[in-house]
Amino acid sequence: MFYFKQKTETQIADMSDTHCSLHGEKLLLFCEHDKEPLCLVCQTSKKHKNHSVCPVEEAALDLKEELKPALNLIKEKLKRFTEVEQEWKEKAEHTRNQAQHTERQIKAEFEKLHQFLREEEEARQAALREEEEQKSRIMKEKIENITGHISTLTDKITAIEKAMDTEDTSFLQSYKNIKERAQCTLQDPELLSGALIDVAKHLGNLKFRVWEKMQEMVQYTPVVLDPNTVHTHLSLSDDLTTVRHTDTDQKYPDNPERFNSCGSVLGSAGFTSGKHSWEVKVGNKLEWTIGVVKESISRKGVMTASPEKGFWVLLLRNGDKYRASGAGVLTLKKKPQSIRVQLDYDKGKVSFFDSSDTSLIYTFKDTFTERVFPYFCPCLKEDKNEGPLQICPVKISVKVTSN
């Protein structure tokens with residue numbers, strides 16, 4: 001009795017992969033011309049006559065080596081895509097954190113304004129109540145006084161009229177007393193001016209006067225810092241006017257706008273025309289760099305501060321060596337505590353002044369061909385360089401002009 005063992009579909013598939021579909025022979029050779037595996041019968045066919053062949057093991061090894069560069073390239077591409085994916089996830093998380101932090105700051109700033117308005121409203125309501133109480137008190141005193149006079153005059157009239165109604169002899173006998181009593185020395189009452197509430201004082205230009213007073217609590221700085229450019233070793237104040245070195249790395253994403261090798265930060269707005277100025281409080285810091293840079297400067301890797309590279313900056317090093325980028329050491333009569341930076345884009349000038357006496361420190365003259373930004377570097381010196389760089393607020397004034 002004969003038994004036939006049935007092959008599974010997998011086994012059949014495996015055989016079809018390793019055996020010739022035309023001849024059923026095992027595929028032992030590889031045609032280098034047609035790039036396909038052959039059986040011994042295929043090798044002798046007209047189709048592959050005079051073609052170079054080699055064992056499949058040798059061909060597979062060679063072709064695997066040939067594929068490795070392409071495979072490695074794909075792996076590198078995958079690695080880069082994976083890295084970028086992670087970077088984007090980190091940026092997305094940072095964006096959410098930025099939005100939440102900014103929302104909290106907006107609420108805090110508006111709460112200050114709301115508190116100011118509540119206090120101002122209460123103060124003006126209190127002033128109104130005080131005027132009302134004062135004038136009501138005066139009116140009450142006046143009314144009480146005139147009511148007394150009215151009572152006195154009423155009594156006089158009643159007494160005189162009663163005497164005049166008596167018998168003639170009795171009237172004549174009391175006439176002298178009646179006449180004396182009928183004398184009235186009271187002055188006519190005067191109407192009281194200014195008795196009404198001065199509504200115009202309380203309501204006239206109310207919003208303008210509150211806004212004018214609000215200037216006492218509101219600060220304006222001509223330049224604010226851009227947190228999307230700040231180096232990870234720096235931190236900014238909530239109002240974006242102060243930058244300082246920090247001992248710990250901040251978790252900022254490495255976006256294209258951010259400095260990654262120099263502890264720097266840019267102003268948030270660039271300029272392509274006009275005159276602009278801002279004042280930077282440098283205090284007693286030993287090192288700093290401030291000025292103007294063009295938008296296209298390299299923000300990654302080593303940076304060279306020179307006008308040719310797009311840097312028009314003033315530097316302090318070692319506490320007493322002042323230098324303009326691309327120029328020699330400058331001699332200053334005293335150590336400035338604040339520096340005013342003045343940009344005239346159209347004339348191609350960047351000037352630096354000692355804010356205390358407006359004395360000129362240095363002026364760059366160049367030609368600007370692109371957008372330029374305020375530049376700040378508190379320097380990442382670990383020892384004895386504490387303290388921030390702070391952009392100073394400017395005084396706000398309100399002018400009223402007639403049409």
Side-chain angles (χ1 to χ4, degrees), residues 91 94 98 221-271 276-283 285-319 321-327 336 338-343 350 352 362 364 366 368 370-392:
K91 285 184 174 73
H94 186 73
Q98 274 187 313
T221 53
V223 170
V224 294
L225 304 172
D226 183 358
N228 293 333
T229 66
V230 67
H231 189 278
T232 56
H233 285 167
L234 303 180
S235 66
L236 306 183
S237 59
D238 287 335
D239 63 0
L240 305 179
T241 63
T242 301
V243 56
R244 67 171 68 244
H245 173 251
T246 178
D247 293 330
T248 57
D249 244 358
Q250 307 297 304
K251 292 184 178 180
Y252 303 142
D254 188 20
N255 49 299
E257 300 86 356
R258 192 175 310 283
F259 292 95
N260 74 350
S261 65
C262 182
S264 310
V265 62
L266 298 183
S268 63
F271 309 113
H276 311 273
S277 66
W278 55 95
E279 186 174 317
V280 185
K281 183 178 179 181
V282 296
K285 287 177 63 62
L286 301 179
E287 297 193 356
W288 44 257
T289 305
I290 58 176
V292 172
V293 298
K294 64 182 182 180
E295 184 174 17
S296 62
I297 62 167
S298 173
R299 306 184 191 188
K300 313 295 183 182
V302 179
M303 296 167 54
T304 303
S306 68
E308 292 76 21
K309 297 293 184 178
F311 286 79
W312 299 272
V313 295
L314 183 69
L315 306 89
L316 171 64
R317 296 293 182 265
N318 299 321
K321 291 183 174 57
Y322 294 90
R323 185 169 59 86
S325 57
S338 293
I339 305 289
R340 180 159 61 89
V341 184
Q342 186 169 295
L343 166 68
V350 181
F352 300 87
Y362 191 81
F364 289 98
D366 212 325
F368 302 128
E370 62 178 273
R371 188 182 303 272
V372 296
F373 284 82
Y375 176 84
F376 307 86
C377 176
C379 293
L380 305 181
K381 189 170 182 177
E382 296 291 343
D383 58 331
K384 299 181 180 179
N385 197 38
E386 296 180 357
L389 292 178
Q390 180 180 3
I391 305 168
C392 302

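Numbers here are sequence positions counted from 1. All figures in this text were calculated on a predicted structure; none of them were measured in a lab.
Arg317 is linked by a side-chain hydrogen bond (donor to acceptor under 3.5 Å, both in side chains) to Thr289, counting only residues two or more places apart in sequence or in another chain. Checked against side-chain hydrogen bond (donor to acceptor under 3.5 Å, both in side chains), Gln342 has the following partners two or more places apart in sequence or in another chain: Arg340. Here Asn255 pairs with Glu257, Arg258 under the side-chain hydrogen bond (donor to acceptor under 3.5 Å, both in side chains) rule; sequence neighbours left out. Applying the side chain to side chain contact (heavy atoms under 4.5 Å, CB included) criterion to Val223, with sequence neighbours excluded, gives Trp278, Pro374, Phe376, Ile391. Here Tyr322 pairs with Trp288, Leu316, Leu330, Leu332, Lys335, Pro336 under the side chain to side chain contact (heavy atoms under 4.5 Å, CB included) rule; sequence neighbours left out. For the ring pair (Phe, Tyr, Trp, His ring centres under 6.0 Å) test, residues two or more places apart in sequence or in another chain that qualify with Phe311 are Tyr375. Taking the side chain to side chain contact (heavy atoms under 4.5 Å, CB included) definition, one finds that Ser298 meets it with nothing, sequence neighbours left out. For Tyr362, the ring pair (Phe, Tyr, Trp, His ring centres under 6.0 Å) criterion is met by Phe364, not counting sequence neighbours. Remark: Asp239 pairs with Ser237, Thr241 by the side-chain hydrogen bond (donor to acceptor under 3.5 Å, both in side chains) rule, at least two apart or across chains. Annotation: side chain to side chain contact (heavy atoms under 4.5 Å, CB included) contacts of Lys294 (sequence neighbours excluded): Ser296, Ile297, Trp312, Glu370, Val372.
Residues Asn318 and Glu287 form a side-chain contact, since some pair of their non-hydrogen atoms from C-beta on lies under 4.5 Å apart. Side-chain contact between Val292 and Phe373 is absent, with no heavy-atom pair separated by less than 4.5 Å.
Each of Val230, Asn228, Leu389 was checked for a side chain to side chain contact (heavy atoms under 4.5 Å, CB included) with Val265, and the lone residue meeting it is Val230.
Legend: salt bridge (charged side-chain N to carboxylate O under 4.0 Å, His left out) pairs involving residues 297-316, not counting sequence neighbours, sorted by first then second residue: Asp254-Lys300.
In this structure, the side chain of Thr229 engages the main chain of Leu266 through a donor-acceptor pair within 3.5 Å.
One finds the CZ atom of Arg244 at 11.0 Å from the CG atom of Leu234 (value rounded to the nearest 0.5 Å). The distance from the NE2 atom of His231 to the CG atom of Asn260 is 6.5 Å, given to the nearest 0.5 Å. Rounding to the nearest 0.5 Å places CD1 of Ile290 at 11.0 Å from SG of Cys377. Distance check: Phe259 CZ to His233 NE2 gives 15.5 Å after rounding to the nearest 0.5 Å. Note that NE2 of His245 is 9.0 Å distant from NZ of Lys285, once rounded to the nearest 0.5 Å.
Nearest heavy atoms, Pro227 versus Leu236: CA-CD1, 3.6 Å. For Pro307 against Ser325, the heavy-atom pair with the smallest separation is CD-O, 3.4 Å. Closest approach of Leu315 to Ala324, counting heavy atoms only: CD1-C, 4.2 Å.
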